[in-house]
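Everything on this sheet refers to the single structure shown next.
Per chain, numbering begins at 1; letters A, B, ... match sequence-line order.
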Amino acid sequence: MRDGNLKQVGPAEIASDLLVWYDVHARAMPWRVPPADKLSGVRPDPYRVWLSEVMLQQTTVAAVKDYFHRFTTRWPTVADLAAAEDGDVMGEWAGLGYYARARNLLKCARVVVADHGGVFPDTLAGLLKLPGVGPYTAAAIASIAYDLPEVVVDGNVERVMARLHNLHDPLPGSKPQLTELAAGLTPAQRPGDYAQAVMDLGATICTPRNPACGICPLRSPCVARVQGTALELPKKTPKKPKPTRLGIAYVGRRADGAYLLERRPDKGLLGGMLGWPGGPWSEGGAAEAPPIAADWRLLGAEARHTFTHFHLILQVRIADLPQGANPEVGQFIEPETFRPSDLPTVMRKAFDLARGGFDNTP
DNA sequence: CAGACGTGGTC
DNA sequence: TGACCAAGTCT
(Lines give C-alpha, C1' and ligand atoms only; values in the text may rest on other atoms or scores of the structure.)
Protein backbone atom coordinates (compact mmCIF):
# COMPACT_ATOMS: atom_id res chain seq x y z
CA MET A 1 0.00 0.00 0.00
CA ARG A 2 1.28 3.43 -0.90
CA ASP A 3 1.84 5.92 1.89
CA GLY A 4 -0.80 8.27 0.52
CA ASN A 5 -3.60 5.78 0.97
CA LEU A 6 -5.77 5.21 3.95
CA LYS A 7 -5.12 2.07 5.94
CA GLN A 8 -7.56 0.46 8.33
CA VAL A 9 -5.94 0.35 11.74
CA GLY A 10 -7.71 -0.79 14.91
CA PRO A 11 -7.82 1.30 18.11
CA ALA A 12 -5.38 -0.97 19.93
CA GLU A 13 -2.84 -0.58 17.16
CA ILE A 14 -3.27 3.20 17.05
CA ALA A 15 -2.62 3.45 20.78
CA SER A 16 0.33 1.11 20.46
CA ASP A 17 1.83 3.10 17.56
CA LEU A 18 1.48 6.26 19.60
CA LEU A 19 3.22 4.73 22.62
CA VAL A 20 6.10 3.49 20.46
CA TRP A 21 6.46 7.00 19.10
CA TYR A 22 6.28 8.46 22.60
CA ASP A 23 9.02 6.18 23.90
CA VAL A 24 11.35 7.86 21.42
CA HIS A 25 9.98 11.40 21.15
CA ALA A 26 8.52 12.22 24.59
CA ARG A 27 9.40 15.79 25.49
CA ALA A 28 11.32 16.23 28.73
CA MET A 29 9.34 18.29 31.26
CA PRO A 30 10.19 19.23 34.85
CA TRP A 31 6.98 17.57 36.08
CA ARG A 32 7.23 14.47 33.92
CA VAL A 33 8.78 11.05 34.53
CA PRO A 34 10.30 9.82 31.26
CA PRO A 35 9.00 6.47 29.93
CA ALA A 36 12.35 4.79 30.58
CA ASP A 37 12.37 5.77 34.28
CA LYS A 38 8.86 4.41 34.74
CA LEU A 39 10.23 0.96 33.94
CA SER A 40 12.25 1.18 37.16
CA GLY A 41 9.11 1.94 39.11
CA VAL A 42 9.43 5.72 39.38
CA ARG A 43 6.03 7.38 39.75
CA PRO A 44 5.18 11.03 39.13
CA ASP A 45 4.43 13.13 42.23
CA PRO A 46 0.66 13.86 42.18
CA TYR A 47 1.32 17.32 43.62
CA ARG A 48 3.61 18.22 40.74
CA VAL A 49 1.25 16.67 38.20
CA TRP A 50 -1.67 18.67 39.59
CA LEU A 51 0.32 21.91 39.77
CA SER A 52 1.61 21.55 36.22
CA GLU A 53 -1.82 20.66 34.83
CA VAL A 54 -3.46 23.69 36.42
CA MET A 55 -0.69 25.94 35.13
CA LEU A 56 -1.00 24.42 31.66
CA GLN A 57 -4.72 25.21 31.35
CA GLN A 58 -4.91 27.45 28.27
CA THR A 59 -1.22 28.20 28.72
CA THR A 60 1.86 27.16 26.75
CA VAL A 61 4.57 24.87 28.08
CA ALA A 62 7.16 27.60 27.47
CA ALA A 63 5.26 30.07 29.67
CA VAL A 64 4.72 27.52 32.45
CA LYS A 65 8.26 26.21 32.97
CA ASP A 66 9.68 29.10 35.01
CA TYR A 67 6.53 29.43 37.11
CA PHE A 68 6.55 25.72 37.85
CA HIS A 69 10.15 25.91 38.97
CA ARG A 70 9.52 28.91 41.24
CA PHE A 71 6.42 27.36 42.79
CA THR A 72 8.00 23.98 43.50
CA THR A 73 11.15 25.60 44.87
CA ARG A 74 9.19 27.85 47.21
CA TRP A 75 6.48 25.29 48.07
CA PRO A 76 7.88 21.76 47.56
CA THR A 77 4.79 19.96 48.87
CA VAL A 78 1.05 20.52 48.89
CA ALA A 79 1.27 21.10 52.65
CA ASP A 80 3.77 23.91 52.10
CA LEU A 81 1.48 25.49 49.54
CA ALA A 82 -1.56 25.11 51.78
CA ALA A 83 0.26 27.02 54.52
CA ALA A 84 1.25 29.91 52.24
CA GLU A 85 -0.16 33.43 52.49
CA ASP A 86 -2.77 34.26 49.84
CA GLY A 87 -0.87 37.33 48.66
CA ASP A 88 2.36 35.38 48.24
CA VAL A 89 0.69 32.81 46.00
CA MET A 90 -1.13 35.46 43.95
CA GLY A 91 2.12 37.40 43.55
CA GLU A 92 4.01 34.32 42.42
CA TRP A 93 1.26 33.62 39.87
CA ALA A 94 1.30 37.18 38.53
CA GLY A 95 1.87 37.28 34.78
CA LEU A 96 0.55 33.78 34.13
CA GLY A 97 -3.06 34.92 33.72
CA TYR A 98 -6.45 33.41 34.52
CA TYR A 99 -6.05 34.31 38.18
CA ALA A 100 -9.03 32.23 39.31
CA ARG A 101 -6.63 29.34 38.80
CA ALA A 102 -4.35 30.69 41.55
CA ARG A 103 -7.24 31.31 43.93
CA ASN A 104 -8.56 27.78 43.33
CA LEU A 105 -5.03 26.37 43.55
CA LEU A 106 -4.73 27.59 47.11
CA LYS A 107 -8.26 26.47 48.00
CA CYS A 108 -7.52 23.06 46.54
CA ALA A 109 -4.23 22.67 48.42
CA ARG A 110 -6.00 23.50 51.67
CA VAL A 111 -8.80 21.01 50.97
CA VAL A 112 -6.29 18.27 50.16
CA VAL A 113 -4.45 18.93 53.43
CA ALA A 114 -7.54 19.43 55.61
CA ASP A 115 -9.80 16.73 54.17
CA HIS A 116 -7.45 14.20 52.56
CA GLY A 117 -4.41 14.11 54.85
CA GLY A 118 -2.27 15.90 52.27
CA VAL A 119 -2.76 13.16 49.67
CA PHE A 120 -4.53 13.82 46.37
CA PRO A 121 -7.60 11.62 45.75
CA ASP A 122 -6.88 8.69 43.44
CA THR A 123 -10.26 8.47 41.76
CA LEU A 124 -11.77 10.55 39.00
CA ALA A 125 -14.82 11.39 41.14
CA GLY A 126 -12.66 12.41 44.08
CA LEU A 127 -10.46 14.63 41.92
CA LEU A 128 -13.45 16.26 40.22
CA LYS A 129 -14.67 17.60 43.56
CA LEU A 130 -11.51 19.69 44.05
CA PRO A 131 -11.65 23.43 43.32
CA GLY A 132 -10.25 24.30 39.91
CA VAL A 133 -10.18 20.65 38.81
CA GLY A 134 -12.54 20.00 35.90
CA PRO A 135 -13.02 17.05 33.55
CA TYR A 136 -9.70 17.52 31.77
CA THR A 137 -7.50 18.04 34.83
CA ALA A 138 -9.15 15.25 36.83
CA ALA A 139 -8.58 12.77 34.00
CA ALA A 140 -5.03 14.01 33.50
CA ILE A 141 -4.11 13.56 37.16
CA ALA A 142 -5.84 10.17 37.34
CA SER A 143 -4.06 8.85 34.28
CA ILE A 144 -0.64 10.51 34.61
CA ALA A 145 -0.17 10.27 38.38
CA TYR A 146 -2.13 7.08 39.11
CA ASP A 147 -2.12 5.34 35.71
CA LEU A 148 -5.90 4.97 35.64
CA PRO A 149 -7.46 4.58 32.17
CA GLU A 150 -9.48 7.82 32.27
CA VAL A 151 -10.27 9.71 29.07
CA VAL A 152 -8.13 12.84 28.75
CA VAL A 153 -9.56 15.43 26.37
CA ASP A 154 -7.81 18.75 25.89
CA GLY A 155 -7.40 20.95 22.83
CA ASN A 156 -4.68 18.68 21.43
CA VAL A 157 -6.81 15.56 21.78
CA GLU A 158 -9.75 17.34 20.16
CA ARG A 159 -7.61 18.31 17.17
CA VAL A 160 -6.02 14.87 16.79
CA MET A 161 -9.39 13.10 17.04
CA ALA A 162 -11.11 15.51 14.66
CA ARG A 163 -8.40 14.93 12.04
CA LEU A 164 -7.98 11.22 12.58
CA HIS A 165 -11.72 10.71 12.01
CA ASN A 166 -12.23 13.69 9.71
CA LEU A 167 -15.00 15.08 11.91
CA HIS A 168 -16.23 18.42 10.55
CA ASP A 169 -18.82 19.29 13.20
CA PRO A 170 -17.68 22.50 14.93
CA LEU A 171 -16.51 22.87 18.52
CA PRO A 172 -17.67 23.22 21.18
CA GLY A 173 -20.80 21.37 20.03
CA SER A 174 -18.77 18.41 18.81
CA LYS A 175 -17.00 17.95 22.14
CA PRO A 176 -19.11 14.93 23.19
CA GLN A 177 -18.36 13.16 19.90
CA LEU A 178 -14.65 13.91 20.20
CA THR A 179 -14.68 12.62 23.77
CA GLU A 180 -16.37 9.45 22.53
CA LEU A 181 -13.70 8.99 19.87
CA ALA A 182 -10.95 9.61 22.44
CA ALA A 183 -12.53 7.04 24.78
CA GLY A 184 -12.38 4.46 22.01
CA LEU A 185 -8.61 4.79 21.79
CA THR A 186 -7.65 5.06 25.47
CA PRO A 187 -5.75 1.87 26.31
CA ALA A 188 -5.84 -0.12 29.56
CA GLN A 189 -2.04 -0.37 29.49
CA ARG A 190 0.03 2.76 30.13
CA PRO A 191 -2.92 5.18 29.98
CA GLY A 192 -0.81 7.93 31.54
CA ASP A 193 1.89 7.70 28.89
CA TYR A 194 -0.79 7.40 26.22
CA ALA A 195 -2.48 10.64 27.38
CA GLN A 196 0.80 12.50 27.31
CA ALA A 197 1.63 10.94 23.94
CA VAL A 198 -1.52 12.32 22.30
CA MET A 199 -0.86 15.75 23.77
CA ASP A 200 2.79 15.68 22.65
CA LEU A 201 1.66 14.61 19.20
CA GLY A 202 -0.79 17.51 19.05
CA ALA A 203 1.84 19.96 20.25
CA THR A 204 4.69 18.88 17.97
CA ILE A 205 3.29 16.99 14.92
CA CYS A 206 -0.46 17.45 14.62
CA THR A 207 -0.21 21.22 15.13
CA PRO A 208 -2.95 23.71 14.24
CA ARG A 209 -1.08 25.51 11.44
CA ASN A 210 1.61 23.33 9.88
CA PRO A 211 0.90 19.70 10.74
CA ALA A 212 3.85 17.43 9.93
CA CYS A 213 1.69 14.69 8.47
CA GLY A 214 4.65 13.12 6.67
CA ILE A 215 6.31 12.04 9.92
CA CYS A 216 3.17 11.42 11.96
CA PRO A 217 2.95 8.00 13.59
CA LEU A 218 -0.80 8.05 12.84
CA ARG A 219 -0.51 9.04 9.17
CA SER A 220 -1.80 5.68 7.91
CA PRO A 221 -5.21 5.72 9.58
CA CYS A 222 -5.67 9.53 9.48
CA VAL A 223 -8.75 10.30 7.34
CA ALA A 224 -8.15 14.07 7.26
CA ARG A 225 -4.65 13.56 5.85
CA VAL A 226 -6.00 11.50 2.96
CA GLN A 227 -8.89 13.91 2.39
CA GLY A 228 -6.57 16.92 2.63
CA THR A 229 -8.72 18.51 5.33
CA ALA A 230 -6.28 18.44 8.25
CA LEU A 231 -5.60 22.18 8.12
CA GLU A 232 -9.26 23.11 8.48
CA LEU A 233 -9.90 20.82 11.44
CA PRO A 234 -11.15 21.04 14.06
CA LYS A 235 -13.80 23.52 12.93
CA LYS A 236 -14.80 26.09 15.52
CA THR A 237 -17.76 28.40 15.84
CA PRO A 238 -16.64 31.98 15.05
CA LYS A 239 -15.82 34.32 17.94
CA LYS A 240 -17.42 37.63 18.66
CA PRO A 241 -15.36 40.79 18.08
CA LYS A 242 -13.76 42.44 21.11
CA PRO A 243 -14.96 45.91 22.16
CA THR A 244 -12.49 48.53 23.38
CA ARG A 245 -12.78 49.86 26.93
CA LEU A 246 -11.09 52.85 28.50
CA GLY A 247 -9.72 53.21 32.00
CA ILE A 248 -7.41 55.09 34.33
CA ALA A 249 -4.55 53.85 36.48
CA TYR A 250 -3.56 56.15 39.35
CA VAL A 251 0.05 55.45 40.26
CA GLY A 252 0.77 57.31 43.50
CA ARG A 253 4.23 57.37 45.06
CA ARG A 254 4.93 58.49 48.58
CA ALA A 255 8.09 60.39 49.52
CA ASP A 256 9.67 57.24 50.97
CA GLY A 257 9.09 55.37 47.69
CA ALA A 258 6.00 53.43 48.84
CA TYR A 259 3.31 52.93 46.18
CA LEU A 260 -0.44 53.16 46.67
CA LEU A 261 -1.96 49.85 45.54
CA GLU A 262 -5.22 48.04 46.09
CA ARG A 263 -6.06 44.38 46.43
CA ARG A 264 -8.77 43.63 43.89
CA PRO A 265 -11.86 41.72 45.04
CA ASP A 266 -11.78 37.93 44.57
CA LYS A 267 -14.59 37.93 42.04
CA GLY A 268 -14.11 39.22 38.54
CA LEU A 269 -11.27 40.38 36.35
CA LEU A 270 -7.79 40.10 37.94
CA GLY A 271 -9.55 38.95 41.11
CA GLY A 272 -7.29 38.74 44.14
CA MET A 273 -4.43 40.56 42.42
CA LEU A 274 -2.75 43.84 43.30
CA GLY A 275 -3.55 46.77 41.05
CA TRP A 276 -3.51 50.54 40.74
CA PRO A 277 -6.64 52.37 41.87
CA GLY A 278 -8.71 53.63 38.95
CA GLY A 279 -12.20 52.25 39.09
CA PRO A 280 -14.11 50.20 36.52
CA TRP A 281 -13.21 50.14 32.84
CA SER A 282 -15.99 50.83 30.37
CA GLU A 283 -16.64 51.56 26.74
CA GLY A 284 -18.14 54.88 27.73
CA GLY A 285 -14.87 56.36 28.92
CA ALA A 286 -12.88 56.78 32.09
CA ALA A 287 -13.85 59.33 34.71
CA GLU A 288 -13.03 57.64 38.01
CA ALA A 289 -11.95 60.09 40.70
CA PRO A 290 -8.42 59.75 42.12
CA PRO A 291 -7.95 57.73 45.33
CA ILE A 292 -6.66 60.80 47.10
CA ALA A 293 -6.39 64.50 46.32
CA ALA A 294 -3.02 65.38 44.78
CA ASP A 295 -1.40 66.95 41.76
CA TRP A 296 -2.14 64.08 39.34
CA ARG A 297 -0.29 64.42 36.01
CA LEU A 298 -1.56 62.66 32.90
CA LEU A 299 1.19 60.83 31.04
CA GLY A 300 1.48 61.28 27.30
CA ALA A 301 1.56 57.56 26.58
CA GLU A 302 -1.21 55.07 27.41
CA ALA A 303 -0.95 51.41 28.31
CA ARG A 304 -2.62 49.15 25.78
CA HIS A 305 -3.62 45.66 26.67
CA THR A 306 -5.90 42.97 25.28
CA PHE A 307 -7.86 40.65 27.54
CA THR A 308 -9.84 37.60 26.49
CA HIS A 309 -12.97 39.55 25.70
CA PHE A 310 -12.01 43.24 25.30
CA HIS A 311 -9.22 45.63 24.39
CA LEU A 312 -8.17 48.16 27.01
CA ILE A 313 -6.66 51.61 26.66
CA LEU A 314 -5.41 52.70 30.04
CA GLN A 315 -4.59 56.30 30.85
CA VAL A 316 -1.81 56.56 33.40
CA ARG A 317 -1.82 59.38 35.95
CA ILE A 318 0.98 59.82 38.45
CA ALA A 319 1.41 61.88 41.60
CA ASP A 320 3.86 62.35 44.43
CA LEU A 321 1.99 61.88 47.68
CA PRO A 322 2.93 63.35 51.06
CA GLN A 323 4.37 61.06 53.70
CA GLY A 324 1.28 61.45 55.87
CA ALA A 325 -1.19 60.74 53.05
CA ASN A 326 -4.26 58.83 54.22
CA PRO A 327 -6.15 57.54 51.15
CA GLU A 328 -9.66 56.14 51.25
CA VAL A 329 -8.74 53.50 48.71
CA GLY A 330 -5.89 51.00 48.79
CA GLN A 331 -2.78 50.71 50.91
CA PHE A 332 0.80 51.85 50.67
CA ILE A 333 3.35 49.15 49.99
CA GLU A 334 6.87 49.89 51.18
CA PRO A 335 9.68 49.83 48.62
CA GLU A 336 11.34 46.89 50.42
CA THR A 337 8.13 44.87 50.11
CA PHE A 338 7.00 45.91 46.65
CA ARG A 339 7.87 43.58 43.81
CA PRO A 340 6.69 44.82 40.38
CA SER A 341 6.62 41.15 39.38
CA ASP A 342 3.70 40.68 41.81
CA LEU A 343 1.55 42.78 39.47
CA PRO A 344 -0.60 41.31 36.71
CA THR A 345 0.78 42.26 33.30
CA VAL A 346 -1.64 45.09 32.55
CA MET A 347 -0.75 46.76 35.86
CA ARG A 348 2.95 46.24 35.27
CA LYS A 349 2.60 47.97 31.89
CA ALA A 350 1.05 50.97 33.65
CA PHE A 351 3.83 50.88 36.23
CA ASP A 352 6.56 50.85 33.58
CA LEU A 353 5.06 53.98 32.01
CA ALA A 354 4.65 55.64 35.41
CA ARG A 355 8.25 54.94 36.35
CA GLY A 356 9.37 56.78 33.23
CA GLY A 357 7.07 59.66 34.21
CA PHE A 358 8.52 59.92 37.70
CA ASP A 359 12.04 59.82 36.30
CA ASN A 360 11.29 62.80 34.04
CA THR A 361 9.81 64.94 36.81
CA PRO A 362 12.03 64.58 39.86
C1' DC B 1 -24.80 27.16 27.92
C1' DA B 2 -22.65 31.10 26.31
C1' DG B 3 -19.79 34.31 28.42
C1' DA B 4 -16.12 35.56 31.71
C1' DC B 5 -11.63 34.91 32.49
C1' DG B 6 -4.90 36.62 30.87
C1' DT B 7 -1.02 36.43 28.54
C1' DG B 8 2.73 35.91 25.17
C1' DG B 9 3.94 33.94 20.78
C1' DT B 10 3.03 33.42 15.88
C1' DC B 11 1.93 34.46 11.16
C1' DT C 1 -1.22 45.30 13.28
C1' DG C 2 -4.36 42.19 14.61
C1' DA C 3 -6.51 37.77 14.89
C1' DC C 4 -5.76 33.31 16.30
C1' DC C 5 -3.96 30.11 19.34
C1' DA C 6 -2.32 27.22 24.01
C1' DA C 7 -2.51 20.79 28.53
C1' DG C 8 -10.00 24.63 30.74
C1' DT C 9 -13.05 25.88 34.64
C1' DC C 10 -16.79 28.15 36.57
C1' DT C 11 -21.27 30.24 36.48
Side-chain angles (χ1 to χ4, degrees), chain A residues 27 29-32 48-68 90 93-105 107-108 127-141 143-145 151-160 170-173 175-176 178-179 182 192 195-204 206-211 231-232 234-245 264-273 275 281 303-312 341 343-349:
Chain A
R27 293 179 293 170
M29 311 276 194
W31 48 85
R32 186 178 269 184
R48 294 166 67 88
V49 172
W50 161 74
L51 178 61
S52 67
E53 289 302 340
V54 172
M55 287 183 167
L56 286 163
Q57 291 167 8
Q58 298 289 284
T59 309
T60 59
V61 169
V64 162
K65 277 186 173 163
D66 287 347
Y67 284 87
F68 181 83
M90 299 312 291
W93 195 277
L96 201 53
Y98 284 139
Y99 299 101
R101 292 185 295 173
R103 302 193 301 273
N104 285 329
L105 191 81
K107 271 190 210 165
C108 181
L127 290 162
L128 269 172
K129 294 193 176 102
L130 299 173
V133 175
Y136 162 75
T137 305
I141 298 171
S143 67
I144 297 171
V151 182
V152 176
V153 183
D154 73 333
N156 291 301
V157 177
E158 290 170 352
R159 186 169 58 256
V160 171
L171 281 165
K175 174 113 182 171
L178 292 167
T179 301
Q196 294 174 94
V198 186
M199 294 191 282
D200 273 19
L201 187 79
T204 63
C206 194
T207 53
R209 312 235 187 177
N210 294 304
L231 262 180
E232 50 188 276
K235 293 217 188 312
K236 298 189 178 177
T237 52
K239 292 164 188 166
K240 295 173 59 173
K242 298 183 205 297
T244 297
R245 299 183 188 171
R264 298 172 64 89
D266 270 349
K267 302 272 183 185
L269 192 68
L270 308 179
M273 300 301 291
W281 304 327
R304 287 171 180 271
H305 193 75
T306 298
F307 293 97
T308 311
H309 52 297
F310 66 94
H311 303 287
L312 176 68
S341 63
L343 298 175
T345 299
V346 64
M347 299 297 175
R348 195 181 39 69
K349 284 183 183 176

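- For dA4(B), neither phosphate oxygen OP1 nor OP2 lies less than 4.0 angstrom from any side-chain nitrogen or oxygen of His309(A).
- Here Arg159(A) lies in heavy-atom contact (under 4.0 Å) with sugar-phosphate atoms only.
- One can place NZ of Lys239(A) at 13 Å from C1' of dG3(B), the figure rounded to the nearest angstrom.
- Leu178(A) places none of its side-chain heavy atoms less than 4.5 Å from the side chain of Val157(A).
- Taking atom P in both dG3(B) and dC4(C), one finds a spacing of 15 Å when rounded to whole Å.
- In terms of phosphate contacts, His305(A) brings a side-chain nitrogen or oxygen within less than 4.0 Å of OP1 or OP2 of dT7(B).
- The separation between Tyr98(A) atom OH and dT7(B) atom C1' is 9 Å, rounded to whole Å.
- Here the nucleotide nearest the side chain of Thr137(A), chosen from dT7(B), dG3(B), dT9(C), is dT9(C).
- With a 6.0 Å cutoff to the six-membered ring centre and a 45° limit on the axis angle, Arg304(A) does not count as a cation-pi contact of Trp281(A).
- Heavy atoms of Arg27(A) sit under 4.0 angstrom from at least one base atom.
- Residue Leu270(A) is in sugar-phosphate contact alone, with no base atom involved, counting any heavy-atom pair closer than 4.0 Å across all strands shown.
- Protein atom CD of Gln57(A) is 15 Å distant from nucleotide atom C1' of dA4(B), rounded to whole Å.
- Residue contacts for Met29(A): at a heavy-atom cut-off of 4.0 Å it reaches a base atom on one of the strands shown.
- Closest heavy-atom contact between Gly272(A) and Arg103(A): N-NH1, 4.4 Å.
- If you take CZ of Arg209(A) and C1' of dG9(B), they are 10 Å apart, rounded to a whole angstrom.
- Both Asp200(A) and Leu130(A) lie close to DNA chain C; mapped to their nearest nucleotides by heavy-atom distance, the more 5′-ward contact belongs to Asp200(A).
- The NE2 atom of His311(A) sits 12 Å away from the C1' atom of dC4(C) (whole-angstrom rounding).
- At a threshold of 4.0 angstrom between heavy atoms, the contacts of Pro135(A) are confined to the sugar-phosphate backbone, with no base atom among them.
- If you take CZ of Arg264(A) and P of dG6(B), they are 9 Å apart, rounded to a whole angstrom.
- Contacts of Val157(A) with the nucleic acid, taken as non-hydrogen atoms under 4.0 Å apart, are absent.
- For the P atoms, the distance linking dG6(B) with dT11(C) amounts to 14 Å, nearest Å.
- For dT7(B), the OP1/OP2 oxygens have no side-chain nitrogen or oxygen of Thr306(A) closer than 4.0 Å.
- For Lys175(A), the salt bridge (Lys or Arg N to Asp or Glu O under 4.0 Å) partners at least two apart in sequence or on another chain are Glu158(A).
- Inter-residue side-chain proximity for Pro170(A) and Lys236(A) is flagged as unmet; no heavy-atom pair is nearer than 4.5 Å.
- When the C1' atom is compared between dC10(C) and dC1(B), the two are found 12 Å apart, to the nearest whole Å.
- Atom CD of Gln58(A) sits about 12.0 Å away from atom CG of Leu96(A), to the nearest 0.5 Å.
- Gly268(A) comes within 4.0 angstrom of sugar-phosphate atoms only, judged by non-hydrogen atoms across all strands, and of no base.
- In terms of position along DNA chain C, the nucleotide closest to Thr60(A) lies nearer the 5' end than the nucleotide closest to the other residue of the pair Thr60(A) and Asn104(A).
- The nearest whole Å value for the distance from the NZ atom in Lys236(A) to the P atom in dA3(C) is 17 Å.
- Between the side chain of Thr59(A) and the base of dG6(B), a donor-acceptor pair under 3.5 Å is found.
- Judged by atom type and distance alone, Thr345(A) does not reach the base of dG6(B) through any side-chain donor-acceptor pair under 3.5 Å.
- Look at Arg32(A) and Asp200(A) and you find a salt bridge, because one of the NZ, NE, NH1 or NH2 atoms lies within 4.0 Å of a carboxylate O, short of that distance.
- The nearest heavy atom of DNA chain B to Asn210(A) and to Arg103(A) marks one nucleotide each, and the one closer to the 5' end goes with Arg103(A).
- For dA3(C), neither phosphate oxygen OP1 nor OP2 lies less than 4.0 angstrom from any side-chain nitrogen or oxygen of Lys242(A).
- Separating the P atom of dA6(C) from that of dC5(B) is a span of 22 Å, rounded to the nearest Å.
- Mapping Pro172(A) and Pro344(A) onto DNA chain B by nearest heavy atom places Pro172(A) at the nucleotide closer to the 5' end.
- Within the 4.0 angstrom heavy-atom criterion, no nucleotide atom of any strand lies near Gly202(A).
- One can place CG of Leu105(A) at 12 Å from P of dC10(C), the figure rounded to the nearest angstrom.
- Between the side chain of Arg101(A) and the base of dC5(B), no donor-acceptor pair of N or O atoms lies under 3.5 Å.
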